[in-house]
Amino acid sequence: MEDVMEIISHINAVSLTRSEKQNIPIEEQLQLLVSKLGHGTPTQEVFDTIKYYRLRRNYITHLLESLTSGFSDLINNRGGDLNLFWKDAISELDFTNDNLSVITENEIIDLLKIQRIILITIDKFIASLLQKEGIAKYICGKRFIQPAKINNDIIVERKK
């Protein structure tokens with residue numbers, strides 16, 4: 001997500017201020033950046049799902065004994081909507097389940113399927129926002145305006 005926001009900032013010359021980034025989850029930063037461009041964002045369920053992934057990953061990686069209040073609120077307030085939104089993509093994953101101590105193989109497959117859909121959705125959406133002139137400048141700046149690295153052998157050869 002940070003890479004996506006950096007590319008948007010370079011190509012469209014719009015960015016978030018330091019205070020706008022401070023203490024704001026990454027998915028909300030992306031929503032804010034897109035709104036600064038004057039565009040709507042993909043559905044809220046996409047961003048709620050990204051938030052679910054982030055909070056579930058934090059629960060697992062930090063070996064938390066209980067859900068954070070933010071994660072519990074998301075499960076209780078948006079879990080049913082997420083189940084309905086993703087019903088065609090999931091077989092076992094349940095966004096309303098607050099017992100996350102066990103994860104099944106089918107849940108992992110569901111999470112991977114949803115992640116793929118989200119990545120495609122975000123990529124297509126962001127691609128439609130990027131200014132063509134900004135893309136050209138960005139690519140040229142990254143690819144062709146790099147200072148050439150000349151090693152000593154090349155310098156010696158040129159002097160002959």
Side-chain angles (χ1 to χ4, degrees), residues 1-86 89-90 93-101 103 107-147 149:
M1 288 279 223
E2 291 170 357
D3 292 342
V4 169
M5 293 191 312
E6 182 181 333
I7 288 171
I8 292 171
S9 296
H10 283 289
I11 292 175
N12 287 30
V14 64
S15 61
L16 299 177
T17 64
R18 187 170 303 191
S19 65
E20 289 172 326
K21 291 180 184 179
Q22 200 167 25
N23 297 321
I24 298 177
I26 193 74
E27 64 276 3
E28 291 177 24
Q29 289 180 34
L30 180 59
Q31 285 178 292
L32 181 58
L33 184 62
V34 170
S35 70
K36 281 186 151 194
L37 292 169
H39 295 276
T41 60
T43 64
Q44 184 60 43
E45 287 82 4
V46 168
F47 291 99
D48 287 342
T49 305
I50 294 169
K51 182 176 185 176
Y52 177 89
Y53 275 57
R54 179 177 53 79
L55 294 172
R56 188 162 183 172
R57 182 215 50 194
N58 289 348
Y59 174 79
I60 294 167
T61 58
H62 297 295
L63 303 173
L64 300 177
E65 294 181 16
S66 62
L67 300 179
T68 63
S69 60
F71 198 10
S72 184
D73 289 345
L74 179 69
I75 287 171
N76 293 327
N77 299 327
R78 299 291 294 150
D81 294 333
L82 291 175
N83 282 336
L84 185 61
F85 184 78
W86 294 111
I90 58 178
L93 179 65
D94 180 4
F95 288 99
T96 62
N97 183 8
D98 61 359
N99 179 9
L100 302 175
S101 58
I103 187 166
E107 282 182 301
I108 293 170
I109 291 169
D110 287 346
L111 288 165
L112 291 171
K113 282 193 290 189
I114 292 171
Q115 182 177 11
R116 180 178 179 272
I117 294 167
I118 288 174
L119 290 172
I120 290 169
T121 301
I122 297 287
D123 283 351
K124 285 181 179 179
F125 177 76
I126 297 302
S128 71
L129 299 179
L130 300 178
Q131 300 168 349
K132 291 177 184 162
E133 184 178 312
I135 292 170
K137 287 180 181 177
Y138 179 77
I139 291 172
C140 288
K142 289 286 186 186
R143 278 286 200 208
F144 305 112
I145 313 296
Q146 298 291 331
K149 293 183 180 176

Would you say that [X] contacts [Y] through its side chain, given a criterion of any heavy-atom pair below 4.5 Å between the two side chains?
X	Y	value
R116	L112	no
F71	N58	no
I120	F125	no
V34	L30	yes
T96	L82	no

Verdict with reasoning, R54 to E27, per side chain to side chain contact (heavy atoms under 4.5 Å, CB included): CA-CA 9 Å; R54 179 177 53 79; E27 64 276 3; 2.8 Å; yes
Intermediate values then yes/no, ring pair (Phe, Tyr, Trp, His ring centres under 6.0 Å), F85 and F95: CA-CA 11 Å; F85 184 78; F95 288 99; 9.5 Å; no
Summary of side chain to side chain donor-acceptor pair (under 3.5 Å) pairs that have at least one residue in residues 40-49, sequence neighbours excluded: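 The answer is Q31-Q44, Q44-D48, D48-R78, T49-W86.
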Where at least one partner belongs to residues 117-135, residue pairs that pass side chain to side chain donor-acceptor pair (under 3.5 Å), sequence neighbours excluded: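 Those involving residues 117-135 are E133-K137.
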Test log, rule side chain to side chain contact (heavy atoms under 4.5 Å, CB included), inputs L33 and S9: CA-CA 9 Å; L33 184 62; S9 296; 4.3 Å; yes
Just verifying a value: how many Å separate [X] [atom1] and [Y] [atom2], rounded to the nearest 0.5 Å?
X	Y	atom1	atom2	result
E65	Y59	CD	OH	9.0 Å
I90	L111	CD1	CG	9.5 Å
Q29	E20	CD	CD	9.5 Å
I135	I7	CD1	CD1	10.0 Å
L130	H10	CG	NE2	12.5 Å
D98	L100	CG	CG	7.0 Å

Chi angles and distances behind the side chain to side chain contact (heavy atoms under 4.5 Å, CB included) call for E28, L32: CA-CA 6 Å; E28 291 177 24; L32 181 58; over 6 Å; no
Worked verdict on L37 versus I8 for side chain to side chain contact (heavy atoms under 4.5 Å, CB included): CA-CA 10 Å; L37 292 169; I8 292 171; 3.8 Å; yes
Heavy atoms from other residues, nucleotides or ligands near NZ of K36 exceed 12 (cutoff 6.0 Å):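 Count over threshold, so yes.
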